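Just below is one structure, and these are the notes that go with it.
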Amino acid sequence: EPIVSLVVWAAIAIPQYHAHQVKGSNSIAAADIRNAKINCESYFASNQFYPDNLEQAGFKPAQDVTVNYELTSDRKSYLMTFRHKKGDRAFAANSEKTEVFFKLKSEADDAYRPL
């Protein structure tokens, strides 16, 4: 009977822990993309063009966050996406909009919506 209780407890606790871990990972990626956007806009305000990469803007992503940063050839606009390897969402931001967007990793790229 004690083993049954342990199995029941694990059946409840493990999925809740995983859900909490996913939510926390999504929060890390969302915070990172907001900070990267702030850094890029600050860089633009000083230079009148965007940085070649996020490091140039003084930004380094958190551990396990994958970043894609695309810059136009005139350095006047960018598109960036962030994903945490343990999260279930992808986040996007660009120089044209003030808000950050998200989608589930499993959704198509045109499924992004405001965060």
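Bear in mind the structure is a predicted one, so any value in this text is a computation, not a measurement.
- Looking at L115 and R34, their side chains come closer than 4.5 Å, going by heavy atoms from C-beta outward.
- Between D52 and R75, at least one side-chain nitrogen of the basic residue sits less than 4.0 Å from a carboxylate oxygen of the acidic one, meeting the salt-bridge criterion.
- Figure legend: R113 and F102 shown as a cation-pi pair, the cationic atom lying under 6.0 angstrom from the six-membered ring centre and within 45 degrees of its axis.
- Heavy-atom neighbours of K86 NZ from other residues, nucleotides or ligands within 6.0 Å: at or below the threshold of 12.
- Here the side chain of E41 pairs no donor or acceptor atom with the backbone of I38 at under 3.5 angstrom.
- Below 30°, between 30° and 60°, or above 60°: for F59 and F82 the angle between ring planes is between 30° and 60°, a tilted geometry.
- Between the S25 side chain and the Q21 main chain, a donor and an acceptor come within less than 3.5 Å of each other.
- A salt bridge is absent between E96 and K76; no separation between the charged side-chain nitrogens and carboxylate oxygens falls under 4.0 Å.
- The shortest side-chain heavy-atom distance between N26 and K23 does not fall under the 4.5 Å cut-off.
- To the nearest 0.5 angstrom, I28 atom CD1 is 12.0 Å from K85 atom NZ.
- You'll find the side chain of H84 stays beyond 4.5 Å of the side chain of S27, heavy atoms only.
- Between Y112 and F91, the closest side-chain pair of non-hydrogen atoms is not below 4.5 Å.
- Nearest heavy-atom pair across N39 and G58 is ND2-O, 3.2 Å.
- Surrounding CD of Q48 are more than 12 heavy atoms belonging to other residues, nucleotides or ligands, all under 6.0 Å away.
- No path of Ile, Leu, Val, Met, Phe, Trp and Tyr side chains, each step under 4.5 Å between heavy atoms, connects L54 with Y43, placing them in separate hydrophobic clusters.
- A heavy-atom distance below 4.5 Å is found between the side chains of K103 and D109.
- Atom CZ of F49 and atom OG of S77 lie 14.0 Å apart (nearest 0.5 Å).
- Atom NZ of K105 has more than 12 neighbouring heavy atoms from other residues, nucleotides or ligands inside a 6.0 Å radius.
- The shortest side-chain heavy-atom distance between V67 and V65 falls under the 4.5 Å cut-off.
- Donor-acceptor pairing under 3.5 Å is recorded for the side chains of N68 and E70.
- Using a 30° and 60° split on the angle between ring planes, Y50 and Y78 fall in the perpendicular class, above 60°.
- Distance check, rounded to the nearest 0.5 Å: OH of Y69 to OG1 of T81 gives 12.5 Å.
- One finds the OG atom of S95 at 8.5 Å from the CE atom of M80 (value rounded to the nearest 0.5 Å).
- To the nearest 0.5 angstrom, L71 atom CG is 9.0 Å from Q56 atom CD.
- Here the straight-line distance linking atom CG of D64 with atom CG of D32 works out to 11.0 Å at 0.5 Å rounding.
- In this structure the side chain of C40 reaches within 4.5 angstrom of the side chain of P51, judged on heavy atoms.
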